[in-house]
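Since the structure comes first, as structure tokens, the remarks are kept for the end.
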Number of protein chains: 2
Amino acid sequence: MNKKAPIPLGIASNRADETYLRLKDELFNFYLLPGDYFSENEIAARMAVSRTPVREALFRLQREGYVRVMPRVGWQVRPLDFDKFDQLYEIRILLEESSLQRLVRKENISNIKMLMATWCCLPDERESDAKAVWLQDEQFHAGLVEAGGNAEMSRIHQDVMERLRIIRRLDFTKAQRVNATYEEHAAILGQIQRGRIGEAQRLLRSHIEASRLEVHKITLSMLYEARLEKNRAY
Amino acid sequence: MNKKAPIPLGIASNRADETYLRLKDELFNFYLLPGDYFSENEIAARMAVSRTPVREALFRLQREGYVRVMPRVGWQVRPLDFDKFDQLYEIRILLEESSLQRLVRKENISNIKMLMATWCCLPDERESDAKAVWLQDEQFHAGLVEAGGNAEMSRIHQDVMERLRIIRRLDFTKAQRVNATYEEHAAILGQIQRGRIGEAQRLLRSHIEASRLEVHKITLSMLYEARLEKNRAY
DNA sequence: TGATGAGCTCTTGTATACCAGACGGAGCAC
DNA sequence: GTGCTCCGTCTGGTATACAAGAGCTCATCA
């Protein structure tokens with residue numbers, strides 16, 4: 001029984017991607033807590049792969065700011081840095097606002113119509129599942145940037161959103177927040193359709209600012225609970 | 001003599017970084033030409049290291065958009081994509097403009113004064129070495145963003161500048177361009193000092209646009225020459 | 001009692017062996 | 001002549017062996 005299991009590969013096409021996704025999942029669910037120390041061997045044993053794909057995954061996560069390596073010492077989960085999150089929110093606002101600006105110049109509003117189908121609907125047609133709303137919200141903001149027509153800007157926006165995801169995913173748990181999101185998105189799209197870009201930008205900015213503040217509040221308690229949860233498990 | 005050489009390590013602290021820097025150097029000097037195919041073994045043999053650090057370096061370069069891997073087939077140097085460069089220039093403008101905006105709000109002009117010492121000088125005090133001017137130019141634009149006070153935005157700006165470097169470094173070869181750079185930078189800083197941010201933004205935008213157009217022209221001929229140069233060598 | 005250093009153990013960094021898949025060319029069938 | 005199949009050889013993907021440094025433990029000595 002010294003032979004390894006046949007093929008424990010997941011949906012990813014290789015073990016490195018698989019390990020990357022699993023590790024990110026553990027980071028997002030606070031199984032790996034900010035500040036924790038760990039080693040490559042530890043991860044490799046837990047995920048039943050060799051150190052090679054683990055290292056590849058960790059380097060990617062390091063590049064994205066989630067973990068850091070201390071040479072010949074070990075790895076650490078980077079502590080949550082709310083100043084950094086604020087800065088990323090500011091960049092989000094900048095990118096999305098400027099995409100609206102270019103939108104009106106390029107008359108590229110086909111994406112916008114698709115977004116309206118999702119967001120400009122009657123209250124009883126609204127999605128209620130938190131995770132589904134969160135996904136649609138991601139698509140809304142990505143869609144605005146894509147409509148701007150700058151693919152590199154979309155890529156950067158996606159990176160920023162990715163880095164915010166660890167705290168943003170804790171939003172959309174209260175019905176009130178979901179309803180507010182629907183109304184604000186619809187209002188923004190409405191102003192765009194009327195060609196009032198300036199007003200749309202103003203609404204967009206305050207919409208994102210509201211999200212930022214809300215997430216601040218939620219995350220602190222959620223992180224605390226996640227910490228308790230993990231401690232209970234041992 | 002089957003024992004390897006003792007320590008052929010360069011300035012980097014490990015072979016992976018060393019390999020990364022050497023590869024990027026070869027990319028920037030068009031020793032590795034856009035469109036070229038190559039394998040990990042080939043690089044490893046040429047740089048006298050094992051595949052492990054080579055792979056780590058290549059993954060970093062892939063993430064930065066210089067190369068791409070085709071699984072179980074090989075690696076390719078990504079062709080130069082001028083549309084992409086245009087998009088990156090647009091992002092540069094956005095980031096630097098918005099940094100000026102925040103500058104006036106935060107009254108954070110200590111960086112600006114340092115920049116003025118370099119750029120607001122008499123014509124005979126100007127740096128003439130192309131490489132030195134290029135370095136100062138990088139610092140000027142990075143300095144503007146840093147003065148905005150958003151560290152994450154600085155990081156993104158740095159990434160964008162890095163990706164533009166392969167074509168931007170071919171600029172600053174003509175004295176005329178150097179002089180224009182000095183005058184335009186001085187003008188921008190002058191407007192900032194007078195608190196006329198809007199005008200500074202306008203100048204900054206046209207300054208970057210001019211650089212973009214100039215680089216377009218230069219690069220096509222330089223790349224052609226680099227191609228000839230390499231063919232001559234064989 | 002306190003300082004110190006040898007050495008053990010753990011870490012990441014690097015090299016290498018092995019695997020499966022992709023591709024191309026030779027050879028055969030038609 | 002043309003197309004198909006098989007097989008050898010190359011590739012990157014993965015596992016593993018080895019090297020070297022950081023840090024801790026504990027014994028030793030002043």
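Residue numbers begin at 1 in each chain, while the letters A, B, ... track the order of the sequences.
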From CG of B:D17 across to C1' of C:dT12 the rounded distance in Å is 13 Å

B:E18 atom CD is separated from C:dG13 atom C1', nearest whole Å, by 14 Å

From CE of A:M70 across to P of C:dG13 the rounded distance in Å is 11 Å

The correct set of residues in residues 51-63 of chain B placing a heavy atom under 4.0 Å from DNA chain C is B:R51, B:T52, B:P53

Rounded to whole Å, the CZ-P distance (B:R72 to D:dT11) equals 14 Å

_C:dT11, OP1 or OP2 - any side-chain N/O from A:W75 closer than 4.0 Å?_
no

Judged by nearest nucleotide, the residue sitting upstream toward the 5' end of DNA chain D, A:V49 or B:V69, is B:V69

Candidate pair A:R155 and A:E146, rule salt bridge (Lys or Arg N to Asp or Glu O under 4.0 Å), full reasoning:
CA-CA 9 Å; A:R155 203 187 51 80; A:E146 273 164 27; over 6 Å; no

When rounded to whole Å, the OH to C1' distance for the pair B:Y37 and D:dG12 reads 16 Å

Here the distance between atom C1' of C:dC10 and atom CD of A:E42, to the nearest Å, is 12 Å

Of D:dT14, C:dT11, D:dA22, the nucleotide closest to the side chain of A:V73 is D:dA22

A:N14 atom CG is separated from C:dG21 atom P, nearest whole Å, by 13 Å

Residues B:L103 and B:A147: closest non-hydrogen pair is CD1-CB, 3.2 Å

B:S39 has its side chain closest, among D:dG12, D:dT16, C:dT14, to D:dG12

